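Below: the structure, in structure tokens.
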Amino acid sequence: MFYWPLDWIALLVAFAALAFARRISNRLAEVQARLATLEAARPIAVAPVVPAAPPLSPFEEPAATPPMPPPLPEMAEPVSQPAAMTADETADQPPPFVPPPMPQPAASFEERIGTSWVVWIGGLTLALGGFFMVRYSIEAGLVGPEVRVALGALFAAALLAAGEWTRRKESISQIAALPIANIPAILTAAGTAVAFATVYASYALYDFLPPAIAFVLLGVVALGTLAAALLHGPALAGLGLVAAFTTPVLVSTGEPNYWALYIYLAIVTAAAFALARVRLWRWLAMTTIGLSFLWTLPGLDIGVETVAPHVFHVTAGFGLAALIVVCGFLFGPDTGNDEVEPISSVGLAAYLLGAMLIVLASFHDGLALIGFTVLIAATLAVAWRAPSATGAVAAAAAAVFLVFAEWALRDNPDLLVLPGGALPGMGPNPLGASVSWHLVTAAIFAAGFGGAGFLAQGRSNNVIVPVVWSAAGVFTPIALLVALYARIAHLDRSIPFAILAVVLAAGFAAATEALSRREERPGLNASIALFATGTLAALALALTFALEKGWLTIALALMSLGTAWVFESRPIPFLRTLAAAFAGLVVLRIGHDPRIVGADVGTTPIFNWLLWGYGVPAASFWGASTLMRRHGDDAPLRAVEGAAILFTTLLAFLEIRHAVNDGDMLAVPSLAEIGLDVCVALALAIGLERLRMRSHSIMHDIGAVILTGFAGGATVVGLLVLENPMVSDVAIKGGLLNILILAYAFPAVLMLLLSYAVAGRRPPAYGNTLAAGALILALSYVSLEIRRLYHGPDLMSGVTSAAEQYTYSIAWLAFGVLLLGIGIVVQSQRARLASAIVIALTILKAFLVDMSALTGVWRALSFIGLGLVLVAIGWLYQKVLFRRQQQAPPAQPAA
């Protein structure tokens with residue numbers, strides 16, 4: 001009772017199909033009559049000229065083109081002809097031009113329903129009918145399981161026979177003016193679906209078939225479906241492909257047989273690739289590659305005894321892809337150019353990825369490593385013959401690097417043995433293959449990629465092909481050398497590895513020199529630049545291997561400078577990006593460990609590892625940016641300039657921290673350190689402000705603003721709040737030359753100089769804010785020095801006396817008068833405004849503080865002194881400044 005709605009639905013679909021079929025039959029009769037009339041009355045017309053079609057991909061099937069018309073007879077010289085022409089002369093004349101027929105209108109909604117949708121519904125109805133018949137026989141108990149299976153097989157055979165019969169019946173699908181659905185393909189697809197379900201039911205439901213026979217029968221049905229797709233189109237091919245690759249999932253046993261599985265998958269893959277090659281179906285080739293690769297993943301949790309079938313699987317798939325799929329190689333589609341074809345490259349790369357995963361999952365088993373090496377060599381050979389697979393060369397280089405990087409970074413042997421014994425589950429040889437195996441394999445890979453990258457130059461007219469070869473030829477040997485160094489030398493000093501790096505640099509230099517003497521070819525300049533960069537990289541590695549760990553940072557920075565220098569003679573845009581990339585690597589390196597060499601920085605002020613680790617990169621980046629700026633301003637230049645500013649700033653800050661804290665890089669910031677940091681930030685900002693006037697660099701502009709903002713923030717938060725001696729326990733030791741000069745006096749002077757440096761070049765508020773900051777720091781310095789004079793090193797101890805309050809007033813007033821004098825002498829309105837602010841503060845202090853805090857003679861002296869100073873200031877303004885303005889001679893008009 002649960003299934004009765006499906007029965008009604010199937011019945012309604014059947015009736016609808018019959019109604020539509022009857023209606024379409026009448027319409028077809030009318031159309032056939034009209035076509036016959038048109039055929040009889042069709043005039044002879046000159047075929048229009050067909051424009052040249054654009055080039056097709058090797059996997060795209062060309063559309064059928066009409067045959068070219070015969071050439072027209074040559075026209076003779078015009079001569080005078082009589083008015084009347086003979087019959088023979090009239091017959092010799094070309095036929096009159098008749099315009100080509102109008103294009104056929106698009107199919108209407110009714111036509112689509114009657115010609116296509118009805119057929120698809122009919123095919124689905126047939127398949128459902130078969131399933132419903134089997135279900136009905138089960139529910140009614142009419143027949144036993146054996147008969148049910150037999151009936152299903154007969155029904156599948158009937159559908160397949162009907163599909164073949166309709167395919168051979170030419171009259172069914174010969175109406176060109178009315179495109180209809182592929183009736184033979186639909187009948188055949190329904191038959192294969194019923195056959196597949198019948199075999200699976202015999203195995204899974206009734207246990208009529210053992211797993212091995214069911215596996216073979218399902219595979220036969222799937223392969224037969226793929227074969228039928230040659231005649232019936234892509235839909236049937238998709239059905240057969242999915243059925244073939246899901247068969248191992250449907251039929252399984254408790255003990256998987258990898259050899260049987262992978263031999264079956266090899267047969268299916270070969271059939272699918274062959275079908276894709278014959279019909280030029282790109283989608284079928286890509287889908288087969290993807291499904292074949294997915295079957296590599298379930299068996300990655302493997303033991304040593306099952307490595308062989310897994311290696312066979314990826315090797316067989318790689319070989320079939322190379323033979324059938326790769327364009328321009330053996331049986332692959334033809335290609336008439338040197339373009340890199342995606343399917344050819346991705347197909348080989350997918351199986352290389354599978355081989356790499358097998359090597360990693362088997363802990364670098366010897367057989368897995370041999371298979372991986374063979375596939376890498378085969379990739380180079382195929383790509384050498386067929387440029388369409390050049391993309392697989394880059395994938396091969398990446399796979400080699402990942403294999404050796406994983407081997408180099410695997411668990412440290414010292415950590416495998418703990419106090420309780422070895423780590424469980426590591427196996428008898430947790431380190432994988434021996435070092436000898438990897439040394440030999442690495443030597444083969446380095447020689448293969450390096451030699452091929454050099455010899456491939458000049459063999460292709462496509463720029464991408466030689467660049468990919470040269471990039472792989474440079475990257476792979478360097479990456480292998482670094483991996484071996486990390487695994488064998490444990491990143492310690494190693495003279496043998498330094499010698500290998502020098503030898504590698506010599507090889508790259510020889511390749512660079514040899515390529516420079518060749519005639520110009522596509523991609524040659526980029527390849528020369530890559531080999532030249534490889535030379536610099538190998539030399540930098542030689543320094544790293546021969547010296548201490550921190551030299552890696554220096555080496556990478558020198559590589560940036562060297563790349564910019566190479567760009568001077570070989571102006572290839574890629575080199576500018578490479579110089580910026582090296583700068584980025586150095587920035588990431590210090591992000592990992594700002595101390596460069598860990599705790600081994602040293603205790604000597606200034607001349608320690610910070611000077612080399614930050615000073616040399618800073619100088620290198622400044623030099624690289626200078627060289628690069630000669631050839632324009634772009635993103636790589638800005639990156640290098642940013643790195644130069646960053647390393648210069650960090651060098652100063654870290655050297656200050658090291659010197660102030662006696663080498664303790666993790667100490668809490670102090671008043672002296674913050675004051676020196678503010679001084680350095682202001683000094684660097686002044687330098688960048690001057691520099692940006694000449695360079696017009698946006699990085700110099702942004703760097704100056706960032707450093708100024710840092711100085712302002714550190715001043716407010718650090719100097720005036722957190723580390724202010726008036727609110728913290730900072731001890732001010734010494735006489736007049738004490739820490740207050742570094743923390744307040746020098747920053748005030750530098751901030752004032754910076755305000756003048758930006759005058760007229762930035763908004764007025766920018767410079768005025770800096771001038772106000774300088775004034776605050778100067779007043780703070782004067783006040784703190786007076787406080788230290790009365791209270792000693794501890795400025796928070798004791799009470800404020802009347803003499804101290806009077807001294808503050810006198811000092812502030814004297815400071816204001818000094819600023820006024822400077823403003824009058826140099827004619828600075830800003831200095832006079834600062835003087836007015838200081839004097840105003842002094843007046844406020846006199847009335848708000850001194851009047852209540854001072855008593856006796858101190859109060860009288862305070863007000864008397866303030867009054868005299870204010871009168872003197874008024875006299876200065878009236879008799880000096882104002883008088884100068886009045887006595888200034890007026891401007892004479894021009895004659």
Side-chain angles (χ1 to χ4, degrees), residues 671-672 674-675 715-716 718-749 752 771-824 831-877:
L671 178 64
I674 296 175
T715 298
V716 174
L719 299 180
L720 301 179
V721 178
L722 296 181
E723 295 297 324
N724 191 337
M726 294 291 294
V727 297
S728 65
D729 56 352
V730 178
I732 308 300
K733 300 178 181 180
L736 292 177
L737 299 178
N738 51 57
I739 197 63
L740 295 176
I741 297 178
L742 291 177
Y744 295 94
F746 286 173
V749 174
L752 181 63
L775 180 61
I776 294 173
L777 286 173
L779 277 178
S780 299
Y781 170 70
V782 172
S783 301
L784 291 173
E785 283 288 5
I786 294 173
R787 184 75 177 178
R788 186 201 61 81
L789 182 64
Y790 281 93
H791 295 267
D794 187 5
L795 273 62
M796 298 178 62
S797 63
V799 293
T800 304
S801 64
E804 182 180 350
Q805 287 286 5
Y806 182 74
T807 306
Y808 287 135
S809 300
I810 293 299
W812 289 12
L813 194 58
F815 182 59
V817 172
L818 177 63
L819 289 177
L820 178 60
I822 294 174
I824 293 175
R832 297 196 299 269
L833 179 61
S835 170
I837 294 174
V838 174
I839 293 174
L841 289 175
T842 307
I843 295 172
L844 288 176
K845 178 180 180 299
F847 284 94
L848 298 180
V849 178
D850 295 354
M851 185 176 292
S852 60
L854 298 179
T855 60
V857 67
W858 295 112
R859 178 186 300 177
L861 290 177
S862 175
F863 279 85
I864 292 172
L866 178 59
L868 291 175
V869 171
L870 291 178
V871 172
I873 291 174
W875 182 83
L876 285 174
Y877 269 88

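The model shown is predicted, which means the values in this text are computed figures rather than measured ones. Excluded from the calculations below are hydrogen atoms, water molecules and symmetry mates; all remaining heavy atoms, backbone and side chain alike, are included.
- Annotation: the span from Leu820 atom CG to Phe815 atom CZ amounts to 12.0 Å, rounded to 0.5 Å.
- Defined by atom type and a distance below 3.5 Å, a donor-acceptor pair is present between the side-chain atoms of Tyr790 and Thr807.
- Across every non-hydrogen atom of Ala748 and Ala774, the tightest pair is O-CB, 3.3 Å.
- Using a 4.5 Å heavy-atom threshold, the side chains of Ile776 and Leu720 count as touching.
- Here the shortest heavy-atom pairing between Val721 and Val727 reads O-CG2, 3.1 Å.
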Just do the side-chain contact (heavy atoms from CB on, under 4.5 Å) check on Tyr781 and Ile741 with the steps written out, would you? CA-CA 7 Å; Tyr781 170 70; Ile741 297 178; 3.6 Å; yes

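- Separation of atoms CG (Leu777) and CG (Leu752) is listed at 11.0 Å; rounding is to 0.5 Å.
- We find the CG-CE distance between Asn724 and Met796 to be 9.5 Å, quoted to the nearest 0.5 Å.
- Of all the heavy atoms in Ser783 and Tyr808, the pair that sits closest is O-CE2, 3.5 Å.
- Rounding to the nearest 0.5 angstrom, the gap separating the NZ atom in Lys733 from the CG atom in Asn738 is 12.5 Å.
- Distance alone, capped at 3.5 Å, places no donor-acceptor pair between the Ser835 side chain and the Ala831 backbone.
- Side-chain contact between Leu736 and Arg788 is present, with heavy atoms from C-beta onward closer than 4.5 Å.
- Separating the CG atom in Leu795 from the CG atom in Leu740 is a distance of 7.0 Å, to the nearest 0.5 Å.
- Put simply, the side chain of Glu785 does not reach to within 4.5 Å of the side chain of Ile732, judged on heavy atoms.
- Counting heavy atoms from C-beta outward, Leu719 and Ile674 have side chains that approach closer than 4.5 Å.
- Across all their heavy atoms, Leu722 and Ser728 have their closest contact at O-CB, 3.6 Å.
- The side-chain heavy atoms of Ile843 and Trp812, taken from C-beta on, include no pair separated by under 4.5 Å.
- At least one side-chain heavy atom of Leu775 sits under 4.5 Å from a side-chain heavy atom of Ile837.
- Leu671 and Glu723 make their closest contact through CD1-O, 3.4 Å (heavy atoms, listed as atom of the first residue, atom of the second, distance).
- Separating the CD1 atom in Ile786 from the CD atom in Gln805 is a distance of 10.0 Å, to the nearest 0.5 Å.
- Contact check for Thr715 versus Pro747: no side-chain heavy atoms found under the 4.5 Å cut-off.
- At most 12 heavy atoms of other shown residues, nucleotides or ligands fall within 6.0 angstrom of atom CZ in Phe746.
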